[in-house]
Amino acid sequence: MAASMRIANTLLLSKAKHCSSYYKVAVQPRACRIHHWPALTRNRVVPVGHENGRQSSSLVTVTEEPDVLLQKLTMLVKGHSKAVLDSYEFFVTLAAKELGLTLAKVTEPPKNIERLTLLKSVHIFKKHRVQYEMRTHYRCIEIFRITGSTAHVYLEYVQRNLPEGVAMEVTKTAIEKVPVHIQMPLWGDQSQEDQVCQ
């Protein structure tokens with residue numbers, strides 16, 4: 001049992017390290033030129049030194065729209081087995097630490113118990129009953145201050161390794177600019193109009 005746990009932990013570590021090295025390679029800035037293609041909505045990036053058929057070792061994909069900033073990424077994981085959720089929670093937190101994400105908190109909301117009472121007898125003996133219950137355990141994992149591309153890579157890695165019988169609900173809270181009509185206070189305009197009238 002202990003040997004199998006050690007093997008599982010080393011596999012988990014190797015998978016998490018593989019993902020973090022892939023992530024670091026994917027986001028390193030390199031010099032590249034942006035070519036506009038009219039048929040596509042996004043820009044295609046060709047690395048410097050690659051345009052004339054020569055190959056370069058640096059490949060970066062850049063889009064014309066800026067990356068989305070997320071204030072909070074909340075993952076609610078639910079399942080019927082507490083041991084499976086404990087293992088998956090360890091995996092998710094380890095992957096977040098390997099990627100260098102700011103893990104805010106991991107909480108365990110109260111479990112939901114749904115009971116169903118049935119008659120044990122087919123015809124008579126109404127007092128003889130059987131109770132069945134379904135227990136749903138929850139884990140809530142929150143990550144603060146993350147970019148959209150990092151969240152996409154992290155969620156893809158975490159969701160691919162989702163065990164059987166476990167569901168995940170993801171909530172993203174984005175940071176957006178203040179609209180132009182709200183930036184200037186209304187009372188500033190009124191005071192200027194009062195000064196002009198006087």
Side-chain angles (χ1 to χ4, degrees), residues 1-30 42 45 58-63 65-118 129-176:
M1 179 70 179
S4 64
M5 286 298 289
R6 270 187 260 133
I7 292 170
N9 286 341
T10 55
L11 287 174
L12 185 66
L13 288 172
S14 66
K15 285 182 181 178
K17 287 181 183 175
H18 172 69
C19 179
S20 67
S21 64
Y22 169 74
Y23 167 74
K24 288 177 185 171
V25 169
V27 294
Q28 287 178 351
R30 293 188 176 96
R42 294 186 174 201
V45 174
S58 63
L59 287 174
V60 178
T61 55
V62 179
T63 59
E65 66 256 1
D67 202 2
V68 178
L69 295 176
L70 300 176
Q71 180 183 7
K72 185 168 62 170
L73 178 72
T74 307
M75 295 181 293
L76 182 66
V77 184
K78 54 186 174 180
H80 296 295
S81 176
K82 189 173 181 182
V84 171
L85 281 183
D86 289 338
S87 173
Y88 189 67
E89 174 193 335
F90 174 74
F91 166 73
V92 168
T93 54
L94 184 68
K97 287 177 185 174
E98 286 291 325
L99 284 173
L101 304 177
T102 56
L103 194 66
K105 58 184 175 180
V106 179
T107 58
E108 185 176 347
K111 64 185 173 211
N112 182 22
I113 300 175
E114 185 179 337
R115 289 188 178 89
L116 184 66
T117 306
L118 298 174
R129 296 181 181 243
V130 178
Q131 263 195 342
Y132 298 99
E133 66 179 24
M134 290 183 287
R135 297 184 178 191
T136 308
H137 300 275
Y138 297 95
R139 292 286 188 284
C140 186
I141 299 141
E142 291 185 1
I143 298 172
F144 284 163
R145 297 178 212 94
I146 185 171
T147 61
S149 59
T150 308
H152 178 71
V153 170
Y154 177 68
L155 285 174
E156 184 178 345
Y157 177 63
V158 166
Q159 287 174 349
R160 280 178 187 247
N161 295 308
L162 198 67
E164 291 183 8
V166 175
M168 177 184 284
E169 182 182 325
V170 178
T171 307
K172 296 177 182 177
T173 306
I175 300 173
E176 294 184 356

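The first residue of the sequence shown is numbered 1, and numbering continues consecutively from there.
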From CD1 (Ile113) to CE (Met134), nearest 0.5 Å: 11.5 Å

Side chain to side chain contact (heavy atoms under 4.5 Å, CB included) between Arg139 and Glu108, intermediate numbers included: CA-CA 5 Å; Arg139 292 286 188 284; Glu108 185 176 347; 3.4 Å; yes

Distance (rounded to the nearest 0.5 Å) between Leu101 CG and Phe144 CZ: 13.0 Å

Heavy-atom side-chain proximity of Tyr157 to Asn161 below 4.5 angstrom: yes

Gap between atom OG1 of Thr173 and atom CD1 of Ile146 - 0.5 Å precision: 12.0 Å

Flag if over 12 foreign heavy atoms under 6.0 Å of CD, Gln131: yes

Shortest non-hydrogen separation from Tyr88 to Gln159 and the atoms involved: OH-N, 4.3 Å

Heavy-atom pair of closest approach, residues Leu70 and Thr147: CD1-O, 4.5 Å

Check: Val92 main-chain N/O paired with Tyr154 side-chain donor or acceptor under 3.5 Å: yes

Partners passing side chain to side chain contact (heavy atoms under 4.5 Å, CB included) against Leu103 (at least two apart in sequence or in another chain): Thr93, Ala96, Val106, Ile141, Ile143

Arg135 side chain near His137 side chain, heavy-atom distance below 4.5 Å: yes

Atom pair CG (Asn112) and CD (Glu133), whose distance is rounded to the nearest 0.5 Å: 11.0 Å

Qualifying side-chain hydrogen bond (donor to acceptor under 3.5 Å, both in side chains) pairs with a residue from residues 67-76, counting only residues at least two apart or across chains: Asp67-Ser149

Close side-chain approach of Val77 and Leu85, heavy atoms under 4.5 Å: yes

Heavy-atom closest pair, residues Cys140 and Pro109: N-CD, 4.0 Å

From Arg145 atom CZ to Thr150 atom OG1, the distance as rounded to the nearest 0.5 Å: 14.5 Å

pair Thr107-Tyr138: side-chain heavy atoms closer than 4.5 Å: no

From CA spacing to verdict: side chain to side chain contact (heavy atoms under 4.5 Å, CB included), Thr136, Lys111: CA-CA 6 Å; Thr136 308; Lys111 64 185 173 211; over 6 Å; no

Contact check, side chains of Met168 and Val158, non-hydrogen atoms, under 4.5 Å: yes

Taking every non-hydrogen atom, the tightest pair across Leu155 and Val170: CD1-CG1, 3.8 Å

Minimal non-hydrogen separation, Leu73 against Lys172, with atom names: CD1-CG, 3.6 Å

